[in-house]
Amino acid sequence: MNKVFLNLALTVAWVFLTGEFTLTNFVEGFIVAVIVLIVSDYVVGQNLYIKKLPIFVMFVFFFIKELVVANLKVAYDILTPRNLMKPGIIKVPLDAKSDLELTILSNLITLTPGTLSLEISKDKEFLFVHCMYVTDEKEMISGIKNGFEKRLLEVLR
Amino acid sequence: MLVSVLAGFASGALAPLIRKYFSVQVTGLILAIIPASIFIYLSSLAGTALSGTPVIEKVNWVPALGINFEFYLDGLSLMMSMLISGIGTLIFLYSSSYLAKYEDTGKFFAYLSMFMAAMLGVVLSSNLMTLFIFWELTSLTSFLLIGFKHKYEKSRYSALQALLVTGTGGIAFLAGILILYSITGTYSIPELAGFKDVIARDELAIPAVILILLGAFTKSAQFPFHFWLPNAMEAPTPVSAYLHSATMVKAGIFLMARLNPYLSANFVWSEVITYTGLVTMIFAALISLKQNDLKKILAYTTVSVLGILTFLIGLNSDYSLKTLGVFLLAHSLYKAALFLTSGSVDYATGSRDPFKLGGLLKKMPATGTAALISAVSMIGILPAFGFIAKEMFYTSVTFNNLFMTTGFLTAVILTYAALMAGVKPFLGKFQSPKETSETPVLMWIGPGVLATLSLLFGLFPEIFAGGLIRDNYKALSGLSTSYILKLWHGVNFELILSLITILCGIGLYLLRNKIFNMKIPDIKFIKPSFYYDVLFNGVLTVSKLQTKFLQNGSLRYYFVIIILFSLGLPAFVFFTGEGYKNVYLGEIPGIYEIVLGIIVLISVIVAVSAKSRFLVIAILGVIGYMISLLYILLGAPDLAMTQFAVETLTVVLFVLVIYKLPKFLTISAVKHRIRDSLIAISSGVFITLLMISVYSVEMKSEMKEYFGDNSYILANGRNIVNVILVDFRALDTLGEITVLGIAAAGVFGLMKVLKKDSK
Amino acid sequence: MDFLISLPVILPLFSAILCVFLRDYVKAQKTINFVTASLLLVISFTIGHFVYHDDIIVLNSGNWSAPFGIVLVADLFASSMLMVSNLVYFAVVFYTLNNIDKEREKLYFYPLLNTLMMGVNGAFLTGDIFNLYVWFEVMLISSFVLITIGGEKSQLEGAIKYVTLNLISSFFFLTGVGFLYGLTGTLNMADLSVQISNSEPSVLIDTVSLLFLAAFGIKSAVFPLFFWLPASYHTPPVVVSAIFAGLLTKVGVYSLIRVFTLIFTQNTSFTSDILVVIAGFTMITGVLGAAAQNDIRRILSFHIVSQIGYMIMGLGLNTALALTGSIFYILHHIIVKTNLFLVGGLVDKVKGSFALPKLGGVYKAYPFFGVLFLISALSLAGIPPLSGFWAKFTIAKAGVDISAYFIVGVALLTGILTLFSMMKIWNEAFWKEQPADCVQVIKVTKKDLVLSVLPVVLLASVTVLIGVFAGSVFEYAEKVTAGLTDSTNYINAVLRRISE
Amino acid sequence: MSETILSVMLITGAFFILISAIGIVKMPDIFMRMSSSTKASTLGIALIVIAAGIFFNDIGVFSRVVLISLFLLITAPVAAHMLGKAAYLEGDKLWENTQFDRYKEYIEKEEKEIK
Amino acid sequence: MNSIILKTAVKYLFPVLVLFSLFLLIRGHYEPGGGFVGGLVAASSVILYLITEGVEKTKRLMKFEPVYYVAGGLAISLLSGLVPVILGMPLLTGTWSNIEAPVLGKLGTPLVFDIGVYFLVLGVSTKIVISLAEED
Amino acid sequence: MKFEFVLVFTLSIIGLSMLIVLYRIIKGPSIADRVVGLDLLMASTLAFLAVFAMLSKSAVFLDAGIVLSLIAFIGTIAFAYYLQVRRKNE
Amino acid sequence: MILLLSILAGILVSAGIFLILRRSLVKIILGFALLTHAANLIIFTSGKITPGKAAFIKKGSESLSEPFADPVPQALILTAIVISFGITAFALVLFKKAYKATGSDDIDDYNTTDSIKHNI
Ligand code: NA
Ligand code: NA
């Protein structure tokens, strides 16, 4: 199932890339995608489910908000002479389990200014995050867990 | 005639093969057939040749260069070629016995045959270039013969010395021929007759004459090039007899004699020849006094006689030219015989020291008789042929006191030498390091024949040699003569002088022990061989120094020189020709373009001065990306794209490789850094100026327009750059991807091998 | 017919590809390689035949006419180089049959030989200056790899110099091409010739021409740019040295001659003077360098430099006869030099060394090797009537004709020093007895020996034949020269103009 | 009108890029440099690139622009993570005012377990 | 390399990169791109894979030795140049079919030539990187 | 005209940013610092060429941007890989 | 623009030459990398400069007649880039191997093959 989906996704990507929205182009893209999938057969072993479109959209907006706010905060700090940073590396316990979940979560955290995912522990139980502004360690952790992780898992599960 | 020469070479090539299936003796006998046949063949031509019209033969070789096989047989070449083939036959016979104990006799006969062929080529040529070619071949075969006993260092040394001396002379000879050609426009010797005037007047004729004489002098061992000849005695005795007395050394004499009628028009010619000959005859004779080796004595006296012969050519008088033929003939006969007998003595007694030999006549009657007769001829006693030669020689020199005195002294020493080499070992008390008996027939038949000839020629000069000498004279002077050879001219001044000579010679002989033990200070720098060694080692030293200086192993130094040369030369032309005139600087760049420029500039400075390897890699990336960006600005997206990708991959490769290399610790000296900065900066400035100047030249590229017009219509592509790559200039791309493929193979190869090593 | 002249380029490529696919089957590779070499020999002589009897052959690759596409051109000069080079290549491949170690064979040795020839042949045939650069690079990278595979320490050290010094040459070449395009707007050599001769004499063209002189000068190993050669040529296996010695520098000389007779013909007196000076120093420094060496391959390597001097001298003297001499010289030298290296290989094969002090007794044990050596060595030294004599003689005569006595003197002196070096090898390796402590027991089967000697015999006979038929060869070289001194035919053929 | 929007996007984008450039120079340790630079620049570039997409008013161009942005969003954090981790393990010093380091504890425990 | 994040990201990035490289290859005749840069991007994706998954897995991914890609690519390019020769035209003449595919445009030997370049570049780059990485 | 000015202004700002980033690349001090700088520089390059595409009204330059965005990532990852391998080997 | 480009090329040449004259192997390679860039810039400017006008034939038209950047030097440079990429890769590995074999990256130590000191 997921391969067909991926196939379609790639076909669409092809159409996008080529910039020609015609049927023949679609067919061509489909063929190319099949070739790509055959080529990368070994690589893709995992399914990609995106079913919950509305949640997804909500999530995107949430993320953009976080992104802009954090960006402005950091920008302010950079542009002003005084340093407001209170950095620390925190340890976030994880509910996310699959590699995809972990990856997306940590990437989103990293993408948000002020935070940087350093490592996922071997047992996939914890995420280590470097934060620039930690006033309260516990609050920070719960912020991530209830913010990004919860919403993300809603989208993905 | 060409056939004779080729036959010689062919038999040379076959000699090792023949030797493979037959014994030495048989091989020698078989091979002797060739010179014998040639001798007979030439004799058959003698009639025609002596009738006054030379026998001519011409075979084209490189007509475009005017170089062909041109032969002719006249009195001079007939005499020479008969000596070569005649004595050659005897030498083959002698060798077949003499060499019985030697190894590699096949090769020996091969060399000898080829030598004989080359020598025949020399004397038969009527074209200077043909002559030169055979001339070089005689040097070469002589090299092989001198070094025949090549396991001895002395042999190799002497062979190389002879080759280098005669080879250098040969090259001078060639240069002389070329210059002569540029004056006359011909290589043909007889044709030179028409250019006597030019040769007399043209300023290039002097260097030409001198260069040709250098060739002749080295070959004929004239002072100061004589030193190689005694060393050449390292060769087996038959070789000494053949090459170094009877034939090859006479090639120089032959050359001078051959060219004398034409080149003597130039005043330098005769002067140089006369005095060189004069010095050589006395100088070599004096040296022979101090020798205690039969072969050395004979060698030095040979040099001395060569001096006499040279001198006679130089005199260039009516009489001296007649004398030349007689003396040459006489010398060839007695000297070859004496060499052979001394070889036989050595063979029989194991010694060549005349002081330790005596009374061998009884044990070796045939050899002894031959030696005695030859010695008589050498001394110049009636009725041997040598007598006539010496009489005539004295007649030639009486007009000048210096010449006469020198000639007389030389003759005295030659007499002494003849007594030492041809008489002392055979007469008197028996003296020998070991038991002795007569040599095999084949070994005494040669000297026997020669000695007999010395006698016969002396007794019946007109019958045997009259025509030959007259015709020889004609060849030498261009004039006819009706001169009649006679043994007895009556009692005259020459005869008296001759008697005094003999007496003085005997006197010297009696004083031989005193002379030999006389202490002569050993002054190195008067010996010409000293200069050979100095020059030889000098060349080696210079070459070492030069190599040490030029190819010193330092890559940085190589770079410096190459860059200085490669950019300095164009820069010189550029600046002296004011190539920077009329430059057009274009619009002022935009601010963002300038920023890019500044980034590159800073990066480059960092790249040059950075201490961290890693920084350098990063900076390399920066430069690459900035240049890619420049390509975007310049309207080349394909280029930018490729540069981005290549740059990244390059950085990846650097990263994979570089941590295995050490940190930048080796810093060059400050003076080097200053020097390098100067070179680097001036190169950069030059390139900048050249770029601007080239840019300022108006250029309209037909290609650009053609591609713009036709890429889509004819090649179905809109991306013109890509169309060029895969269509218009696809051949470039095919080559380019081949390069990449090979690089991959190279990396693979490099990786593989060291794995093996590390095991 | 046109297609024929692309074969010397694409056939080796095809063979290389095939060899890579068959990389686990060394015997098959060997066979393919030998067949390719034989075919190349036949093809190049066929081309030579047609060009000699008919006319210049031009191939418009991609069917694009001359200044726009890349043309391959076989004129007499190119075809003569092609014939000699592929002859030599054939001999070397023949020699390789028995004389390359198994280890190297597995490291793409055969594909590399093929791509090397692809580059060499391409360089001879191309009529496009940038394409020439590409073939140079194909040749160079092949040689880079050939010189390094095996990875011995000396090889790597030599290779570093070889690689870097050749890279700097590529830099000059590339910038030269760039500037030339900037001045003329074309890359086709015939078109360049037309453009430049139609325009005013220009300092910039002269300047750029000197960049080419430097670039090709480095490749040809002339003074003072030769350093890479003596530093590296003696390090790889002898078959590799042999083919390098015969071909690579000569491609540089070929390019010099091509460029300075076809393109940069405006200000010849200046470049000629430079070339003659370079030639003189090249001859002398090369031959003196050789005199200081004690290893057969090192001596021979330095002699390459010295011999290049003669070829450059011919170009520098800039008369028809001189050029004829140069061409004669190149043709002769390719054969003789390769052969000398092969003989060196034979010596090493039977005595286990190239070092003169360790060698000796070859003549006694293998007199035939001695004959083969002498033929090539004496030819190199210019002893008549072997091929080298005619080459030297022609150049010397050309010099005397225009009263360039000094350089002729240098050339002749170099000849005697060459003779010295050759005879040094002869004395030490062939005549001397091998020092007792250096004698090794080396087993060589008779079949092995015969197979190794045959190609050497082939080349030696060619040397002798050139000497014997010097008249015909000389006339041929004269014809080649005629095509160079008057490039009208070349230009008309390439640009498809109808000649008057 | 659209030019105004584009101008705003461009200048904002450029501003964010500048911010990240200053940040990378100003911030005291590597982790904060990364924190402040990677994201700001990503945002800035996305803005500029999308502005370009709008500017050309061509669906093909726009789709390409979206692809660039998406790609940046995916790769930038991965790269930052990889580098951050590498820098940490490499021993790059944390800023002296860093309050705590839970990661260090984890690593030390890991190492003990290995022993 | 030992990182869940990277591994997961690469799983999804890899096919996109390959796709993009093909895109560059095929569109090269009309838009920026071509076999060379396409091949480089493809090689980059393999290098990315190599960094994440190691040499052994990369070799399996490639299926054949990279050298065969090199030789194969060269063979494709060379043969595309020889097709016109069979048809009686000079070497490397662009030979076009009448079929016009929407994205590819006209089909012809130059595209095949570029495909050869693509595979060669892919092969060369991966060969070099694998050789270097294998040594570690 | 006005918009063109905005474009040039934007380009100049990006250029300035690049210069600033260059400082970090040169200064270091750690390898990671340099790589971060390089990463940012490549990103800025991307923005630069996008703006230039607008300035020259030529969308083809954006294609180069795609390659850059894909490829730059690999460079950075390679550096990270390098740091790891180096640590392992030392 | 030409002024900027030629100065850049000049600077790259200077730096490249300075680097290849250094003792460290790595610097030599870097020097060549810079020289390659310089050569490419030289070739580029040879075709004269038409900033911002890529050589593409627009959809709908059959030829390109308005001013456009000369595609010939671009194609040449692409070829040159590819070639130098191959050679750089090879050289890099070669240098690394040489370092391994000799234990030194100081080029002054690389003189056993031709320095007369090391003659037999
Ligand atoms: Na190309
Ligand atoms: Na390409």
Side-chain angles (χ1 to χ4, degrees), chain A residues 12-21 63-64 66-68 70-81 83 85-92 103-122 125-137 141, chain D residues 15-16 18-32 34-40 42-44 46 58-64 66-67 70 72-81 83-89 94-95 97-107 109-110:
Chain A
V12 172
W14 175 265
V15 174
F16 258 95
L17 279 167
T18 55
E20 280 179 39
F21 292 85
F63 176 68
I64 289 175
E66 287 286 306
L67 193 65
V68 172
N71 250 319
L72 289 174
K73 194 176 169 190
V74 173
Y76 176 78
D77 200 3
I78 289 171
L79 290 175
T80 51
N83 284 341
M85 298 92 73
K86 286 189 168 175
I89 299 176
I90 58 170
K91 179 178 180 182
V92 184
T103 305
I104 296 179
L105 176 64
S106 77
N107 277 359
L108 291 177
I109 290 171
T110 306
L111 259 181
T112 322
T115 47
L116 174 68
S117 313
L118 281 180
E119 177 70 305
I120 298 168
S121 69
K122 273 188 184 155
E125 292 293 334
F126 299 102
L127 177 67
F128 297 94
V129 183
H130 179 277
C131 304
M132 277 172 77
Y133 306 99
V134 203
T135 36
D136 179 357
E137 193 182 352
I141 293 173
Chain D
F15 171 74
F16 276 117
L18 185 64
I19 292 292
S20 56
I22 298 173
I24 204 182
V25 172
K26 197 183 158 192
M27 286 297 161
D29 75 9
I30 174 78
F31 305 99
M32 287 190 276
M34 286 169 68
S35 261
S36 59
S37 77
T38 327
K39 350 293 153 94
T42 311
L43 186 67
D58 176 291
I59 187 73
V61 175
F62 193 78
S63 55
R64 264 170 251 185
V66 170
L67 189 82
L70 274 175
L72 274 178
L73 283 177
I74 298 169
T75 57
V78 176
H81 151 73
L83 264 179
K85 180 181 162 189
Y88 189 92
L89 297 175
L94 287 163
W95 186 36
N97 292 344
T98 306
Q99 306 170 72
F100 46 84
D101 184 353
R102 306 286 174 236
Y103 190 31
K104 195 177 176 188
E105 295 158 15
Y106 167 73
I107 292 175
K109 212 179 94 193
E110 287 271 289

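Order of the sequence lines sets the chain letters (A, B, ...), proteins ahead of strands, with each chain counted from 1. Small disclaimer: the values here were computed from a predicted structure and weren't measured.
Using a 4.5 Å cut-off between heavy atoms, D:Tyr103 contacts chain A through both its backbone and its side chain. Interface residue D:Leu43: only side-chain heavy atoms are found under 4.5 Å from chain A. Heavy-atom distances place no part of A:Ile104 under 4.5 Å from chain D, backbone and side chain included. Contact annotation for A:Thr112: only backbone heavy atoms (N, CA, C, O) come within less than 4.5 Å of a heavy atom of chain D. Within the 4.5 angstrom heavy-atom criterion, only side-chain atoms of D:Met34, from C-beta onward, approach chain A. Both the backbone and the side chain of A:Ser121 come within contact range of chain D, each with at least one heavy atom under 4.5 Å from a heavy atom of that chain. Neither the backbone nor the side chain of D:Glu105 comes within less than 4.5 Å of any heavy atom in chain A.
Of the listed residues (D:Thr42, D:Asp29, D:Thr98, D:Ile74), the greatest number of heavy-atom pairs within a distance under 4.5 Å of chain A belongs to D:Thr98. Ranked by heavy-atom pairs under 4.5 Å with chain D, the list A:Val68, A:Ile90, A:Val74 is led by A:Ile90. Of all the listed residues (A:Lys122, A:Glu119, A:Lys91), the one sharing the greatest number of non-hydrogen pairs under 4.5 Å with chain D is A:Glu119.
Side-chain rings of D:Tyr106 and A:Phe128 approach one another, their centers coming within less than 6.0 Å.
D:Leu89 places a side-chain heavy atom less than 4.5 Å from the side chain of D:Ile107. Considering only heavy atoms from C-beta on, D:Lys104 comes within 4.5 Å of D:Tyr88 through its side chain. For the pair A:Met132/A:Leu116, no side-chain contact is recorded, criterion being any heavy-atom separation below 4.5 Å from C-beta on. When side chains are defined from C-beta on, A:Glu137 counts as touching D:Arg102, because their heavy atoms get closer than 4.5 Å. Residues A:Tyr133 and A:Lys73 are in side-chain contact: their nearest non-hydrogen atoms beyond the backbone lie under 4.5 Å apart.
Between the side chain of D:His81 and the backbone N or O of A:Ser117 there is at least one donor-acceptor pair closer than 3.5 Å.
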